[in-house]
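For reference, the structure is listed below as structure tokens.
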Amino acid sequence: MNRFEYVKSILADRPSTPGETGQAYAPANIALVKYWGKRQRELNLPATDSFSISLGDFGATTTLTPASQDHFILHETEIAPDTPEFQKVFGFLDLLRPEACPLAVESRSTIPIAAGLASSASGFAALTLAANDLFGFNLSHDDASRIARLGSGSACRSIRPGFSLWHAGTREDGMDSFADFLPDEWPDLRIGFLVLSGGKKEISSRDAMNQTTETSILYQAWPQQIEQDLPRMKEAVANQDFEQLGKTAENNAMAMHATMMASVPSVLYWQTQTLETIRKIRQLREDGLPVYLTMDAGPNVKLLFKKETEETLKKTFPELQTAMPFGHLKP
Ligand code: PMV
């Protein structure tokens, strides 16, 4: 089954007459138990389950409006049609829109620039939800998650706020691969960002993932790592056990980077500053501060901590920017 047939089977007999405009916000998310490696590429089906937390106000707002020709405006700047960004966005919209339905896409992100945080997850989730609004598809969260997954795997975990569990599924048609959103709330949980390195990535997460699954001998152990970490993470969230959450997430991120480093050629996202930051975090922990870290496909280090730790952390990391995953909850 290709992407078009897949989306068609989800949309089935739903209406596709555009309204005047469609708009949506979707938060970014960060995996606490990572997605690394696909079982099938066409439909972006992951090899294993993964678990994430959304990032409150850090996310994307997208507006879709029928127009005379396709336009993509990102942060008030027109993106040219021959760029990969433009082609990815409209390649995705082609799955959802009827033929001959040019659209103006206007998108803005509140993710701190160069925070090393993928904007694709919130971007494709917001695009899916804005299309749902424009065309009146009336998608369930599960179906929106199934569709957003095609834009970027991790986008399927950004359809709703909070903790989410993305099921790898086993079906060839991909219908059992979507994210479930947990009812658990953890208001004093914080995710911190340090801008370590701007610059372009040496290798995209998509290519690094494929290189790892094809060549890394350590990748064989990755499903076992997930089998160990997922129940620990679920338990940590259920009991609001911060130490267990932090330890599990940090070990999971390190193990993911180990699988990449063992690929041929080796994928090494770390920079000198990455290691310096890891050392500082370990030192803070040895000094008694409950802070843990996670990393994705890049050199940046993300911090996991609780509200009461923020002040102290800022003494070591004055440039720390903080996301409040449950910031939408009024005290
Ligand atoms: O969704 P993608 O293709 O951008 O891949 C995300 C990969 C990681 O960020 C490294 C892990 C994850 O689960 O988000």
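Both ligands and their constituent atoms are indexed starting at 1 by order of listing.
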Open item on the list: Closer than 4.0 angstrom, basic N to acidic O: yes or no for Lys314 and Glu319?
Closed with: no
Task: Salt bridge flag under 4.0 Å for residues Lys247 and Asp241 - done: no
- [ ] Count the heavy atoms of every other residue, nucleotide or ligand shown that sit under 6.0 Å from CD of Glu172, and state whether that count exceeds 12.
- [x] no
Please tabulate, line by line, the atom pairs linking an N/O of ligand 1 to a protein N/O at a distance below 3.5 Å, with the distance in Å to 0.1, or answer 'none'.
from, atom 1, to, atom 2, distance (Å)
ligand 1, 1 (O), Ser152, OG, 3.2
ligand 1, 1 (O), Gly153, N, 3.4
ligand 1, 1 (O), Ser154, N, 2.8
ligand 1, 1 (O), Ser154, OG, 2.7
ligand 1, 9 (O), Asp296, OD1, 3.3
ligand 1, 13 (O), Tyr35, N, 2.9
ligand 1, 13 (O), Arg157, NH1, 3.0
ligand 1, 13 (O), Arg157, NH2, 3.2
ligand 1, 14 (O), Arg157, NH2, 2.8

Open item on the list: Test of understanding: with side-chain contact (heavy atoms from CB on, under 4.5 Å), list the residues that count as partners of Ala179, not counting sequence neighbours.
Closed with: Ser145, Cys156, Arg157, Ser164, Trp166, Phe181
Open item on the list: Can you list everything that forms a side-chain contact (heavy atoms from CB on, under 4.5 Å) with Thr312? Sequence neighbours excluded, please.
Closed with: Leu289
Task: Where at least one partner belongs to residues 242-295, residue pairs that pass ring pair (Phe, Tyr, Trp, His ring centres under 6.0 Å), sequence neighbours excluded - done: Phe242-Tyr292, His257-Trp270
